[in-house]
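Just so it is clear, the structure is predicted and the values come from calculations on it, not from any experiment. Just so it is clear: chains get the letters A, B, ... in the order the sequence lines come, proteins before strands, and each one is counted from 1. Heavy-atom basis, side chains included; hydrogens, waters and symmetry copies ignored.
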Amino acid sequence: MSGFRYSYALNQWRQSPTSFVRLEDHERAFKTLSVSGFRAVELWAGTGRWSNLGRPEHLRLNYGSSAGFVGRLAECGIDAVSSLTWDPSAPAAEEGFDLRSTSRPADHARILAAVDPYLDLLTELGCDRIVVRATEPAGRIGADLDVGAVASVLERIGSAAKDRGVRLAADIDCLSPLRDAAGIASLLDSTDPDLVDLSLSTADLVVAGEDPVAIARRHVDRIGHVHLKDSHFVDSENAYLLPGAEVDMLQGNAGRRIERWFFEFGSEAGLVDAAAVLGVLGESDYSGWVVLESDQSPEPATSAMLNAWYLTHIAAAGFRAAARTEEPAR
Amino acid sequence: MTWKRWSYMDHWITGTPQGPRQPTFNRNHTERYLRQLETLGFTGFDTFGFTLPIYASLYGSVPAFERALQDHGFVGLTGVFAAYPYATDFAAPHRRETHDRIFADFERTAAAVDGLAVENVIVMPTNTYFQVEPVTDETIKITAELWNRVGAMLAPRGLNLTCHFEFWGAIRTEDELALFFEHTDPELVGFFCDTAQHTIAGVDPLALFRRYRDRCRGFHFKDTQRVDDFDAYRTAPDAELMATGVPRWFYEMGTPEGLVDFPALMREILDSGFDGWLTVEHDKADLGGGNFAEATAVAKWYIDNVLDSVRGGAA
């Protein structure tokens, strides 16, 4: 029996610039996840005063300190921060809206400087995992991807993280030029296993036309983080190559006009075999986090409860027992 | 002790391709709804009498719907709520000429739940205050006649008739409640304590439970952040949605501004020996941008993390 643990990503609670800002809204999400059986949360990096869980300085200001945040989580029934996702290419006001690419060596020093505050934060939070988006979308990079450069900066981030007890997991999303099996293998082959893990994102793999079970089996020794979510669609037309794929593809602006790609588990149209993925992890020595998401859901609380239901009844019999002991009703 | 009998009152709005709808939009949405309640650990399910035909349509019959509930860990359909909020020529409990019609309605309800797990038939015993006023001893006594009669019909079928009072209904004050209960048979007409409705009406639900504990058949655990100190209960045509300056009266348990002392009530319940269902209700949770899924989760978190820690005074 593997020792992996479940967590839930908070990203989808922030659906608009002014949403999920007040602390009582955070608290409601924490309680929703706790009572649904999740005892850890994943943070995501952001920018601006309203992204107050997405910037280290804002988190500390809102909760008094990192310890204050951890304490509030505990009061709501959340025991840990599992991980934090960070996109080095995402411009942040706090960094002067710096435009960086992991594939441009000239940007690497600035990327390393930018991740530093996050590593400090993770150390303070007792969190040992940073999930770093490996590349920006293919449509933005064009044909210039230098896998060696990407690998180099990931290793450098991984090394800085390791020094603080944090491991890096590379997130290869469905818009990445490395999204297919060959691309994933090329990045993993180019990086030091001691410094760079793979974040297995099941839905992104399905969208990319890959089988997440096969990818999990192939790279099981490199998996350091899992995003477990479902998708109903395969990008069979390579819409990810569109220059504005984040909108054109993922928000249905072009192509097949699919406005929502990612879903909670349990619908007939779902393409991810979560039980099989968890089976591969269970047979391995994987002991990291399995993070579920409400990504793209209009109702993140509903999706969280449905994901919990799915884990309990379909995919992971031990999920509920680990989270809460329930006695039968009279 | 950890209270085992938590039920959920069937209020929910969910997103559909046709906009916000009730889960009975189709069976898929109903299934998603039940999965969420199961995830949270509810084991009882109360619904409305008027929703029973819809569930029968979706599942083939009401018993088939109850089996679906049981597949989701519920003991079954545990309560049915019936109401005539608006006085009409056909249904006005304070007017005797409508009693036969109302009685017949409850005969049909009883038949519809025959053989199911239903324990309580919960009724809103009056119409809106503004339609009944002046509320007099006579209107209350006539109302009591009706519910004595309905309760006598339901009792042999194993169903408790229990009265749920609204802050805007024509029995709302302590004196009105006392008169009503004085003229109803405790064995046939129960008290159902909606914590928010009584609080809004300026009546302490804890004191009411203490007074009517022997005939209390259940609770709606919901909160409010406002007492009606400006006669909103007389608002026509509706005080729940149309009261000036109060767009939302009801809240789930666990909000800092909530007025109901749930731990104190829980302690009293534990000490009392009450062994019925405690029902979570937060109707209209979608007002002001809220949503039922999160409100229900927050309420159940409050149960698991606050109310479960409450111990009776004898403990």
*Asks:* Compute the ring centroids of B:Phe192 and B:Phe219, then answer whether they are less than 6.0 Å apart.
*Replies:*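 Judged by ring-centre distance (under 6.0 Å), B:Phe192 and B:Phe219 do not meet the cut-off.
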
*Asks:* State whether the number of non-hydrogen atoms from other residues, nucleotides or ligands found under 6.0 Å of A:Arg22 atom CZ is greater than 12.
*Replies:*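 Counting neighbours around CZ of A:Arg22, 12 or fewer heavy atoms of other residues, nucleotides or ligands fall under 6.0 Å, so no.
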
*Asks:* Could you label the plane-to-plane angle of the B:Tyr33 and B:Tyr8 rings as parallel, tilted or perpendicular, counting under 30° as parallel and over 60° as perpendicular?
*Replies:*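 Correct class here is perpendicular.
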
*Asks:* Does B:Asp71 come within less than 4.0 Å of B:Arg67, counting only side-chain N to carboxylate O?
*Replies:*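 Judged by the 4.0 Å cut-off on N to carboxylate O distance, B:Asp71 and B:Arg67 do not form a salt bridge.
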
*Asks:* Is there a side chain to side chain donor-acceptor pair (under 3.5 Å) between B:His282 and B:Thr296? Walk through the geometry before answering.
*Replies:* CA-CA 8 Å; B:His282 31 254; B:Thr296 308; 2.8 Å; yes

*Asks:* Just to be sure I understand the criterion: a residue of residues 264-274 of chain A counts if one of its heavy atoms is under 4.5 Å from a heavy atom of chain B. Which ones qualify?
*Replies:*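 Checking residues 264-274 of chain A against chain B gives A:Glu264, A:Gly266.
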
*Asks:* Please check if the side chain of B:Arg267 supplies one atom and the backbone of B:Val310 the other of a donor-acceptor pair under 3.5 Å.
*Replies:*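 Not a single qualifying donor-acceptor pair exists.
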
